[in-house]
Amino acid sequence: MSKSNKIVKSLPKKVTVDGIEQDILNEWEKLGVYDYDSKSNKPIYSIDTPPPTVSGSLHVGHVFSYTHTDLIARYKRMCGFNVFYPMGFDDNGLPTERRVQNYFWVRPDLSASYIENYKPKYQGTDGLKLKNNEQDPISRQNFIELCNQLSSEDENKFKELWQRLGISVDWNQTYQTINNRSRRIAQKMFLRNLSRGEAYQKDAPGLWDVTFQTAVAQAELEAREYPGNYHALKFDDGKDGVIIETTRPELLISCVALIAHPDDKRYQHLFGKTVKSPIFKVEVPVLAHNAAEMDKGAGIAMCCTFGDQTDIEWWRDLNLPMRSVMGKNGRLQTIIDGNLIDWISDNSGKSIAEELNGKTAFSAREIMVKSLQESGDLIGEIKPTTRMTNFYEKGDKPLEIVASRQWYISNGGKDEKLNQDLLQLGEDLDFIPEHMRQRYRNWVEGLNNDWLISRQRFFGVAFPIWYKVDENGNVNYNEVIVPDESILPIDPVTDVPAGFEESQRDQPNGFSAEKDVMDTWATSSLTPQIACGFDENDTVDGATTNDDWEKLYPMSLRPQGQDIIRTWLFSTVVRSWLEEKKLPWAKAALSGWILDPDHKKMSKSKGNVSTPMPFIEKYGADAVRYWAASAKLGMDATFKIDNMNPTKETFPGNNNQAEVYQMKVGRKVSMKLLNATKFALSIVGEESTLDLDLDSVTNNLDQSILGKLNETIISATDRFEKYDHAGALEIIEHFFWNFCDNYVELVKVRAYSNDKSAKTALAIVLDNLIRLFAPFMPYAAEVCWGWFNDGSVHNESWPTKLKLEETSNAFDLVNSILEPLRKIKGDAKVSPKTPLKNVKISLSSDSIDILKVVQQDVINSCNIQGDIEYIENDELAVCGELVQQD
RNA sequence: GGGCGAUUAGCUCAGUUGGCUAGAGCAUCUCGUUUACACCGAGAGGGUCAGGGGUUCGAGUCCCUUAUCGCCCACCA
């Protein structure tokens, strides 16, 4: 390596890390330092950045994981890759729907027509004051426009934070998950799934959230503890009765059978016979099924349509009738079109059935318990219990099971071959850290159904389809009308299929729109396609083109949180496999959690989040990055705050006394880098050019520090290649402190006296160190670099192995005798400047030879008077006498 | 119930394929220094590597087992 002709610019008297960010940011933007170059021939490194949800706010956990990705991006960029590092904004889905509703006090209404230049009456946080006013009903298209308007405000706040943090995203490459490009791609991919038979609709019982009144997918479930009671109910078998236990007596009315295990001796005599339910006196069969567990409850279960997933299994396997009463609004429906449900003939049973109509599960249960107690069919005490129950992850009421027509995409939940293929893809994908692969395996192996992608919500990407309406005015869901790909995106609620006119909407022999929207993951699963320009017809919203698609896909890296392996990661693999028969990326990097000081995961719902900007302002962006960079991928990190009671009230760092240890250290490191560089340049830069020629380093000690530098470069690079940024940082930092505290101190005198070798070594080390630190501390590194270079350090190359002859271990040797020499003065509690005399050093003869060559630096820095006496001995020993000061 | 991970100094964590007297930072204590850096430097104390077995010349590292913590999945009779 031989570089020269570097011009040393003027150095500041005092360095600082405060307020350095904005000027540098402007410079980066001006130079386009992080721009992806679609015309370049360099190898590409493409990153499938997670699009943050814009309706939320960013917390330190985001800063943590996005910094990890940025470290990789910056490293790869310096290694000569053409880095494609886009940013998306997730503004599709329920959180945004609710936020837009409350912010503008509107609600989407599918019957409302589109209004050009619609201006909402309200805006801001006055939603609560408007509680009594009705929300303004507007069309879906208007709603999407309001979303885009609100999102762009949020996006700017996000962008500001990411930039300040030094995330090296190419801001020309951005997308929104609700913008035209995303909707177009989501619809196009759905149509292709449909044409290949991978997307299909089915009318079947499924999990249903009664609050949001939408179907939910397996991936969105969350099991939570839920209190309940066991009720022992007696069914009439003509003899002593059959006792079953249930936590849901309100579903007795939907009971279609009693089920026990085929091997259960207790119930053998009942199989094939019927019993009568209490209260309603409905005759139901007693049947055998393997899924019944002998040791659960009474060993015999009441099968209702539907209480849980097992009920669905029994209903399907045993061909049982459907007696569903649970309405989509969470209320029991026993009277339909004025008629009471038809399977009850008993008169008193009928009147209770009538009473149940319109009741929530909760009040229906109260009615049933009371009735059962009165009739004497409730046996013994009601026993309280706590059980795990499935909830929609965003909901707060247990899920019900309701039959409805929904759209699904095959994901291996029902197709063994596809399941195997997807498992194999999980083996082919490079997980970082490796053990995260197990999460993927567990999930794919545990799938029990296809991916439910339709949602009965208003805001999201519309299904681009209509259905034919028959001559009687009934919608025929089997006759799907699809648009041509070229006109996407469309909204079937306002757009009209080819060959029809608007007047035929919902008319006999006309057409009817699919009103559901797709699940948000149905769009998010396409982020590689959206970011990389998959759509050859795209003329809107996109920065990349279809030419880029060929180069960028499959992508190099998917960074993401471990909590969304089953959703985002898996669904992206599914879509990519179905469309391209490829993995979407080579590697997946999973980041860990940020834990609060009580070791609880930091999340918005727990109210323990810390907003990052105050920390950036207090310590500087480099320091915050240093904190994040110190943690390995996939490892949790504790957000440890000193001097502070870690309660909710005081947690977010508004207390000036509070310190985040690692950030404090990070600030020290960046200051040290600035100071060390300034110092070295002040000695070295007396001339107008810097000599970085290795041949100019002739002194043994100087050569040996270059040897140390070389080791550092090699092992830091090795760590980075293994995606171990924390290990790389540790190695670089260790060398850096050693260099500052020992080497620089040693050669000061020689360097001041214009020694060519020392000056060149200092310059070479600094030149490399700044580049080693650049991914971690982009601001401090840029400042240092700017003192003796033009252009950005972030477009420079990552240091590579120096072409050195074999070097001695002079530096380590000197360090090992420096320590005891310092201790002599330390023990005597005198200044390090105090002179020493009669210094004797015993060590091996080889080491003596090396040491003699470089001893002048030791004599200078320790202020040794007279000669050093060397004694040959394998055991290292150092002694000396202090010269008495006046 | 099935799976994954963690457990090393007061705190936060390193410790790569078994090979040192087990390391670093913070915190604590002692001392020093102000022409690179007080957003500094030098030094000290502090650990039965969660417990118990085993393999090995040798175990923080490998195997078995127990305990505690965290997470994922299953669990609604």
Side-chain angles (χ1 to χ4, degrees), chain A residues 11 14-18 221 223 226 228 230-233 244-248 251 258-260 291-293 296-304 307-311 385 387-390 398-399 401 433 435-439 441-443 445-446 448 562-563 565-566 592-593 595 597 599-601 619-620 623 630-632 634-640 642-643 659-662 664-665 667-683 715 718-719 722 724 726-727 730-731 733-734 737 740-741 744-745 748 818-819 822-823 825-834:
Chain A
L11 299 169
K14 197 164 176 65
V15 302
T16 177
V17 298
D18 291 317
L221 301 184
Y226 190 68
Y230 282 121
H231 308 74
L233 269 48
I244 62 107
E245 281 198 353
T246 180
T247 54
R248 303 204 57 186
L251 291 179
L258 296 191
I259 317 273
E293 293 175 40
K296 236 182 199 175
I300 187 161
M302 160 171 100
C303 173
C304 304
D308 64 23
Q309 304 256 35
T310 322
D311 286 341
T385 174
R387 57 198 209 280
M388 297 305 282
T389 303
N390 279 329
L399 291 171
I401 292 172
H435 71 256
M436 293 293 177
R437 186 190 309 283
Q438 194 59 38
R439 304 255 179 118
R441 277 194 207 120
N442 284 348
W443 178 251
E445 283 167 357
N448 56 33
Q562 53 183 306
D563 50 333
I565 291 175
R566 64 178 183 169
W593 307 117
L595 308 175
H599 288 250
K600 295 278 184 299
K601 180 189 158 194
Y619 298 100
S630 308
K632 288 206 267 188
M635 290 287 286
D636 297 344
T638 309
F639 195 62
K640 175 72 185 170
D642 182 27
N643 225 349
E659 299 283 1
V660 180
Y661 292 137
Q662 282 297 90
K664 209 166 124 184
V665 177
R667 190 179 168 89
K668 271 169 58 173
V669 175
S670 55
M671 280 297 290
K672 191 82 177 176
L673 183 62
L674 289 166
N675 274 310
T677 309
K678 187 190 85 173
F679 173 65
L681 289 176
S682 71
I683 300 175
S715 48
D718 178 56
R719 296 302 181 109
K722 291 173 179 160
D724 178 10
E730 198 185 320
I731 288 161
E733 200 192 337
H734 180 258
W737 285 107
C740 289
D741 294 342
V744 174
E745 291 305 321
K748 251 182 194 173
L818 231 38
E819 209 169 292
R822 283 171 181 154
K823 199 166 185 300
K825 297 178 187 180
D827 289 348
K829 302 186 178 183
V830 295
S831 156
K833 284 181 178 166
T834 313

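We name chains A, B, ... by the order of the sequence lines, and we start the count at 1 in each one. The figures that follow rest on heavy atoms only: side chains count, while hydrogens, waters and symmetry mates do not. The model shown is predicted, which means the values in this text are computed figures rather than measured ones.
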Close N or O pairs between protein and nucleotides 1-8 of chain B (under 3.5 Å):
from  : atom 1 : to      : atom 2 : distance (Å)
G3(B) : O2'    : N442(A) : ND2    : 3.4

Extract from the structure each pairing of a protein N or O with an N or O of nucleotides 17-21 of chain B at less than 3.5 Å, listing the distance.
none

Just the table, please: protein N/O against nucleotides 43-46 of chain B N/O, every pair under 3.5 Å.
none

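As judged by a 4.0 angstrom heavy-atom cut-off over every strand, K14(A) is placed among residues touching the sugar-phosphate backbone only. Using a 4.0 Å heavy-atom cutoff across all strands shown, A623(A) reaches no nucleic acid atom at all. Within 4.0 Å of K296(A), counting heavy atoms only, lies at least one base atom of the nucleic acid. Contacts of R719(A) with the nucleic acid, taken as non-hydrogen atoms under 4.0 Å apart, include base atoms. M388(A) comes within 4.0 angstrom of a base, heavy atoms only. Among the atoms of the strands shown, base atoms are found under 4.0 Å from some heavy atom of C740(A). In this structure, A223(A) reaches the bases: a heavy-atom distance under 4.0 Å links it to at least one base atom across the strands shown. In this structure, G307(A) reaches the bases: a heavy-atom distance under 4.0 Å links it to at least one base atom across the strands shown. Within the nucleic acid shown, A292(A) comes within 4.0 Å of at least one base atom, counting heavy atoms only.
Residues satisfying the side-chain hydrogen bond (donor to acceptor under 3.5 Å, both in side chains) criterion with Q562(A), sequence neighbours excluded, are R439(A). Shown here are the salt bridge (Lys or Arg N to Asp or Glu O under 4.0 Å) partners of E245(A), two or more places apart in sequence or in another chain: K383(A). Every side-chain hydrogen bond (donor to acceptor under 3.5 Å, both in side chains) that R441(A) has, sequence neighbours left out, goes to E427(A), Q438(A). With sequence neighbours excluded, the residues that form a side-chain hydrogen bond (donor to acceptor under 3.5 Å, both in side chains) with D718(A) are K722(A). In terms of the salt bridge (Lys or Arg N to Asp or Glu O under 4.0 Å) criterion, E445(A) has no residue partners (sequence neighbours excluded). Applying the side chain to side chain contact (heavy atoms under 4.5 Å, CB included) test to T247(A) and every residue at least two apart in sequence or in another chain returns Y230(A), T385(A), R387(A). Qualifying salt bridge (Lys or Arg N to Asp or Glu O under 4.0 Å) partners for K678(A), counting only residues two or more places apart in sequence or in other chains: none. Residues satisfying the salt bridge (Lys or Arg N to Asp or Glu O under 4.0 Å) test with R719(A), not counting sequence neighbours, are D724(A).
Note that K668(A) lies outside the cation-pi zone of Y619(A), set by a 6.0 Å cut-off to the ring centre and a 45° limit from the axis.
Candidate nucleotides A77(B), C76(B), C37(B) were compared by shortest atom distance to the side chain of E245(A), and A77(B) ranks first. In this structure, of A77(B), A14(B), A36(B), it is A77(B) that holds the atom nearest to the side chain of Y230(A).
Salt-bridge check for R667(A) with D18(A): passed, with a basic side-chain N closer than 4.0 Å to an acidic carboxylate O.
For K672(A) and G41(B), the shortest distance from a side-chain N or O to OP1 or OP2 is below 4.0 Å. Residue K829(A) has no polar side-chain atom (N or O) positioned under 4.0 Å from OP1 or OP2 of A42(B). Close to A27(B), at under 4.0 Å from its OP1 or OP2, lies a side-chain N or O of K664(A). The side chain of K668(A) contributes an N or O atom lying less than 4.0 Å from OP1 or OP2 of C26(B). For S670(A) and C39(B), the shortest distance from a side-chain N or O to OP1 or OP2 is not below 4.0 Å. Put simply, T247(A) has a side-chain N or O that comes within less than 4.0 Å of OP1 or OP2 on A77(B). At least one side-chain nitrogen or oxygen of K632(A) sits closer than 4.0 Å to the OP1 or OP2 atom of G15(B). For the pair K825(A) and G41(B), the criterion of a side-chain N or O lying under 4.0 Å from OP1 or OP2 is not met.
Heavy atoms only, all atoms of each residue included: S670(A) and V17(A) are closest at OG-CG1, 3.6 Å. Closest approach of C303(A) to D311(A), counting heavy atoms only: CA-OD1, 3.6 Å. Scanning all heavy atoms of the two residues, the minimum distance from I244(A) to M302(A) falls at CD1-CB, 3.7 Å. The two atoms that bring S682(A) and L11(A) nearest to each other are N-CD1, 3.8 Å, heavy atoms only.
One P atom belongs to U21(B), the other to G58(B), and the distance between them is 14 Å to the nearest Å. Here the separation of A24(B) from U8(B), taken at their C1' atoms, is 13 Å to the nearest Å. G54(B) and U7(B) have their P atoms separated by 24 Å, with the value rounded to a whole Å. Straight-line distance between the P atoms of G60(B) and G51(B): roughly 11 Å, to the nearest whole Å. For A22(B) and A9(B), the P atoms lie 14 Å apart once the distance is rounded to whole Å. Taking atom C1' on both C20(B) and A67(B), the two are 32 Å apart, rounded to the nearest angstrom. Annotation: A42(B) and A6(B) have their C1' atoms spaced 37 Å apart (nearest Å). Using C1' as the reference atom, C71(B) and G45(B) are 38 Å apart when rounded to the nearest Å.
The residue among T246(A) and R667(A) whose nearest nucleotide of RNA chain B is located toward the 5' end is R667(A). Along RNA chain B, the nucleotide nearest to L221(A) and the one nearest to T389(A) differ in position, and the one closer to the 5' end is contacted by L221(A).
In secondary-structure terms, RNA chain B builds stems of at least 3 consecutive Watson-Crick or G-U pairs, each pair having both distances under 3.5 Å, at B:1-7 with B:67-73, B:10-13 with B:23-26, B:28-32 with B:40-44, B:50-54 with B:62-66.
In this structure a side-chain-to-backbone donor-acceptor pair under 3.5 Å is missing from K632(A) to A726(A).
K672(A) pairs with exactly one of T677(A), D741(A), V15(A) by the side-chain contact (heavy atoms from CB on, under 4.5 Å) rule, that one being D741(A).
Judged by distance alone, with hydrogens and angles left aside, E745(A) brings a side-chain donor or acceptor within reach of the base of A36(B), the pair sitting under 3.5 Å.
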